[in-house]
S.K.: 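Below you will find the structure I want to go over with you.
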Amino acid sequence: MSLSLFSGSTDTGSHLVEPDLQLLAAAPDDEVLGEILVLQSELAQQMIFNRRAVNELLAKALKDLPAQQEAAKRREAAEKDMDAWVEVRDSSCQFTKLIRAFVPIS
């Protein structure tokens, strides 16, 4: 099945060939329908591209998941340590204020 309407050598000119009836039967009836088909084809190609990209990204994310979980555990431990330090500091400050309130400075 040839998509070209012309065949033959270029030096002697072109000759028309028999039209491909199956191809003509599949052709859209008007220009609007043709444009819709072109846009649907582009949309389908974009969907395939997006699906591949999402699958690759998901595979990378799943591969990196254990490292992300470990990093989250480290952050949580660091937050607990910082909260404990802040609590000790606040207690120390309160203790210092309490001592200053009851012990006269000479």
Side-chain angles (χ1 to χ4, degrees):
M1 176 180 348
S2 172
L3 296 178
S4 174
L5 294 177
F6 299 99
S7 115
S9 64
T10 55
D11 57 357
T12 61
S14 300
H15 302 304
L16 272 170
V17 294
E18 292 294 320
D20 187 349
L21 297 179
Q22 287 180 334
L23 183 62
L24 288 176
D29 295 333
D30 61 5
E31 190 175 333
V32 173
L33 183 57
E35 287 294 322
I36 291 172
L37 291 173
V38 167
L39 293 174
Q40 285 178 336
S41 173
E42 289 176 5
L43 179 61
Q45 290 174 355
Q46 188 63 46
M47 286 174 54
I48 291 169
F49 174 79
N50 289 348
R51 185 172 292 132
R52 285 182 187 154
V54 166
N55 286 339
E56 289 174 9
L57 181 64
L58 185 58
K60 288 179 183 178
L62 290 175
K63 183 179 178 182
D64 194 42
L65 188 59
Q68 293 294 327
Q69 289 174 330
E70 185 62 34
K73 286 179 185 178
R74 285 193 308 268
R75 281 192 303 271
E76 186 176 335
E79 287 176 15
K80 286 182 182 179
D81 289 345
M82 186 170 297
D83 288 341
W85 181 83
V86 168
E87 188 175 322
V88 167
R89 187 196 65 182
D90 290 345
S91 297
S92 176
C93 288
Q94 288 175 357
F95 182 71
T96 303
K97 287 179 185 177
L98 185 64
I99 289 178
R100 285 183 184 160
F102 289 107
V103 175
I105 300 177
S106 17

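All heavy atoms count here, side chains included; hydrogens, waters and symmetry mates do not. Nothing fancy with the numbering, it's 1 onward along the sequence.
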S.K.: Is the count of non-hydrogen atoms from other residues, nucleotides or ligands lying under 6.0 Å from D29 atom CG greater than 12?
M.R.: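 For D29, atom CG is not crowded (no more than 12 foreign heavy atoms under 6.0 Å).
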S.K.: Give the C-alpha distance, both sets of side-chain angles, the deciding distance and a yes or no for side-chain contact (heavy atoms from CB on, under 4.5 Å) between R89 and V86.
M.R.: CA-CA 5 Å; R89 187 196 65 182; V86 168; 4.3 Å; yes
S.K.: Mind checking the CZ-CD spacing from R75 to E70? Nearest 0.5 Å is all I need.
M.R.: 10.5 Å
S.K.: Would you say T96's side chain and S92's backbone share a donor-acceptor pair under 3.5 angstrom?
M.R.: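 Present.
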S.K.: Got a sec: does the CD of E87 have more than 12 other heavy atoms crowding it under 6.0 Å?
M.R.: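 For E87, atom CD is not crowded (no more than 12 foreign heavy atoms under 6.0 Å).
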S.K.: Quick one: pull up CD in Q69 and CZ in R74 and give me the separation to the nearest 0.5 Å.
M.R.: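 It comes to 12.0 Å.
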S.K.: Show every side-chain hydrogen bond (donor to acceptor under 3.5 Å, both in side chains) that has at least one partner inside residues 46-56, sequence neighbours left out.
M.R.: Q46-N50
S.K.: Quick one, F49 and Q45 - any side-chain contact, counting heavy atoms below 4.5 Å?
M.R.: no
